[in-house]
Protein chains: 2
Amino acid sequence: MTDNGSVPNSKKTAAERPAPERRGELLATAAEVFAAHGYNATTVRRIADEAGLLAGSLYYHFDSKESMLDEILSAFLDELWDGYDAVLAAGFGPRETLEALVTESFREIDRHRPAVAIYQRESRHLARQPRFAYLADSQRRFERAWLGTLRRGAAAGVFRADLDVRLAYRFVRDTVWVAASWYRPGGAHSPEEIARQYLSMVLEGIAVRE
Amino acid sequence: MTDNGSVPNSKKTAAERPAPERRGELLATAAEVFAAHGYNATTVRRIADEAGLLAGSLYYHFDSKESMLDEILSAFLDELWDGYDAVLAAGFGPRETLEALVTESFREIDRHRPAVAIYQRESRHLARQPRFAYLADSQRRFERAWLGTLRRGAAAGVFRADLDVRLAYRFVRDTVWVAASWYRPGGAHSPEEIARQYLSMVLEGIAVRE
DNA sequence: TAACCTACCAAACACTTGTTAGGGAAGGAT
DNA sequence: ATCCTTCCCTAACAAGTGTTTGGTAGGTTA
């Protein structure tokens, strides 16, 4: 009985926000609908329907449809980078870094599946809008982290050096993140188990060695 | 294979068809815009703009925005299955079949990049509509072809048997098709070259062997 | 000449979209 | 009781949507 205790309304910064608990519920259903049908194809009435209120009422909590999307994506990316930065700061070798990044990614997919699906679908054209410039930033950091790890590994002789590193980067990146399109939490495999098998395929290949 | 004939501009009977050459141009630009911004986010006025005519004029050539999408997707799938069926009928072993399927896929991406991008983005929810039921059919055939090849290979000892075949299937499938999101025809690598490197990664892995 | 066909335009149609304005019920604080 | 805050509803708005209708320039055929 400790979860519904204090009301942190006055503790937040400048922007006065209504009760953050209802907000979270609404954002969760909005994310679910965005992920299922795409941002543009999702009407604000549909979100309201799914959440059990009327379209106009959403504007008590948010000032636009776009800001819902914004909040969903930035919350996801914040958490993602918390995890990634921890991995990158740990001083692992290239192979261990790759393994940790992949595992962390599948954990994020587990926690933020709708947000990841939306990101995959919309980030490319959203990144052009000034409001979503942080998406482009994130993509650059992303590339730096993964490509750097792959290059370090190739130089250290733990990853194959005969591959186009950029192709390998896209290969690993896509391999991991498209999983969000079919992954369902609570399924047969845990995020860690999926990460283990994916890593096994990416690192060792699916062919039998002789 | 999916549908009836190839020119569905039939308000009455398919007695006469307008010049198919202009049709092809319009479909190509429509596919390009759909791929760039998503089907729902694309207005019919935007397509017309890009093609150099007015929105209403598109309805001389097509009877709806949806039928443009239909024609783009089914044309792509028809060609894809021509290639796949040829491979599957060739009587290759599992490994050669996999290699041929991957190579053929990258060739299709090269030829139908916009259609592939649209397919990736929209097929999931389109498949629920009766009109696009052939998308679901195609996906089932797709799964049978790839999964069957992987199973045959695991049984024959050329693919690893310790992997979840379903995971491996999704791994290979996604790995190949997401390439459409970044591939640009006329780039540094030919489809065959990309296929070669992807196959090398999928089959042998990116780690150095000892 | 006239009739005809192709490929388009101009203007509107009905409908959906995101968003806003004003109001009101519930409940706690004073 | 009075006030205030929270959360939602009703009802509308203007802009944008896919689509239809009727017309027409220009070429081809009779």
Side-chain angles (χ1 to χ4, degrees), chain A residues 4-12 15-31 33-34 37-72 118 122 126 129 131-132, chain B residues 7-31 33-34 37-72 118 122 125-126 129 131-132:
Chain A
N4 205 6
S6 60
V7 176
N9 204 1
S10 57
K11 208 179 178 187
K12 267 294 177 186
E16 40 187 346
R17 308 187 161 182
E21 149 204 338
R22 182 68 170 138
R23 245 185 119 75
E25 286 177 28
L26 295 176
L27 276 181
T29 72
V33 186
F34 286 157
H37 308 289
Y39 173 72
N40 282 289
T42 298
T43 73
V44 76
R45 281 167 179 82
R46 175 76 185 265
I47 300 174
D49 248 38
E50 219 89 15
L53 41 72
L54 290 189
S57 307
L58 282 175
Y59 289 78
Y60 170 74
H61 299 276
F62 310 95
D63 40 87
S64 72
K65 179 188 175 189
E66 197 180 74
S67 70
M68 297 189 218
L69 178 64
D70 192 351
E71 210 160 321
I72 290 167
I118 299 168
E122 320 279 358
L126 282 179
Q129 271 175 266
R131 172 170 197 171
F132 292 94
Chain B
V7 182
N9 189 27
S10 52
K11 263 199 161 179
K12 300 272 179 162
T13 35
E16 249 173 324
R17 46 190 72 173
E21 148 207 337
R22 181 69 171 137
R23 245 185 119 75
E25 287 177 27
L26 295 176
L27 276 180
T29 72
V33 185
F34 285 157
H37 308 287
Y39 174 72
N40 282 289
T42 298
T43 73
V44 77
R45 280 167 179 82
R46 175 78 185 263
I47 300 174
D49 248 38
E50 218 89 16
L53 40 70
L54 289 190
S57 307
L58 282 174
Y59 289 79
Y60 170 73
H61 299 276
F62 310 95
D63 39 87
S64 71
K65 178 188 174 188
E66 197 181 74
S67 70
M68 297 189 218
L69 178 64
D70 193 350
E71 210 161 323
I72 291 166
I118 298 168
E122 320 279 356
H125 61 272
L126 282 178
Q129 270 175 269
R131 172 169 198 171
F132 292 94

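Below, chains carry the letters A, B, ... as their sequence lines are ordered, and counting in each starts from 1. Atoms considered below: every heavy atom in the structure, side chains included; atoms not considered: hydrogens, waters and symmetry mates.
Distance A/K65 NZ to C/dT20 P: 14 Å, rounded to the nearest Å. D/dG18 atom P lies 13 Å from atom CG of B/D49, rounded to whole Å. A/E25 has its CD atom 11 Å from the P atom of D/dC7, to the nearest Å. The interatomic distance linking B/Y60 (OH) with D/dT24 (C1') rounds to 14 Å, in whole Å. Atom OH in B/Y59 sits roughly 18 Å away from atom P in D/dG22 (whole-Å rounding). Between the P atom of C/dA7 and the CG atom of B/L26 lies a distance of 10 Å, rounded to the nearest Å. Taking atom CE of B/M68 as the reference point, atom C1' of D/dT19 lies 11 Å away to the nearest angstrom. Atom CG in B/N40 sits roughly 11 Å away from atom P in C/dG18 (whole-Å rounding).
Contacts of A/L54 with the nucleic acid, taken as non-hydrogen atoms under 4.0 Å apart, include base atoms. Note on A/S57: a base of the nucleic acid sits closer than 4.0 angstrom, heavy atoms only. If you check every strand for non-hydrogen atoms under 4.0 Å, A/S67 touches nothing.
Relative to the side chain of B/A55, the nucleotides C/dC9, D/dT19, D/dC8 differ in distance, and D/dT19 lies closest. Of the candidate nucleotides C/dT20, C/dC9, D/dC9, D/dC9 has the atom lying nearest to any side-chain atom of A/L53.
Between A/H37 and B/N40, every side-chain heavy-atom pair lies at or beyond the 4.5 Å cut-off. Side-chain contact between A/Y39 and A/L126 is absent, with no heavy-atom pair separated by less than 4.5 Å. A 4.5 Å side-chain heavy-atom check between A/F62 and A/E71 finds at least one atom pair inside the cut-off.
Taken from NZ in A/K65 to CG in A/D70, the straight-line distance is 14.0 Å, to the nearest 0.5 Å.
Across B/R22 and B/A51, no two heavy atoms sit closer than the pair NH2-O, 3.7 Å.
The side chain of A/R46 contributes no N or O atom lying less than 4.0 Å from OP1 or OP2 of C/dT17. A/H61 has a side-chain polar atom (N or O) that falls below the 4.0 Å cut-off from OP1 or OP2 of D/dC8.
Taking only distance into account, the side chain of B/R45 never meets the base of D/dG16 through a donor-acceptor pair shorter than 3.5 Å.
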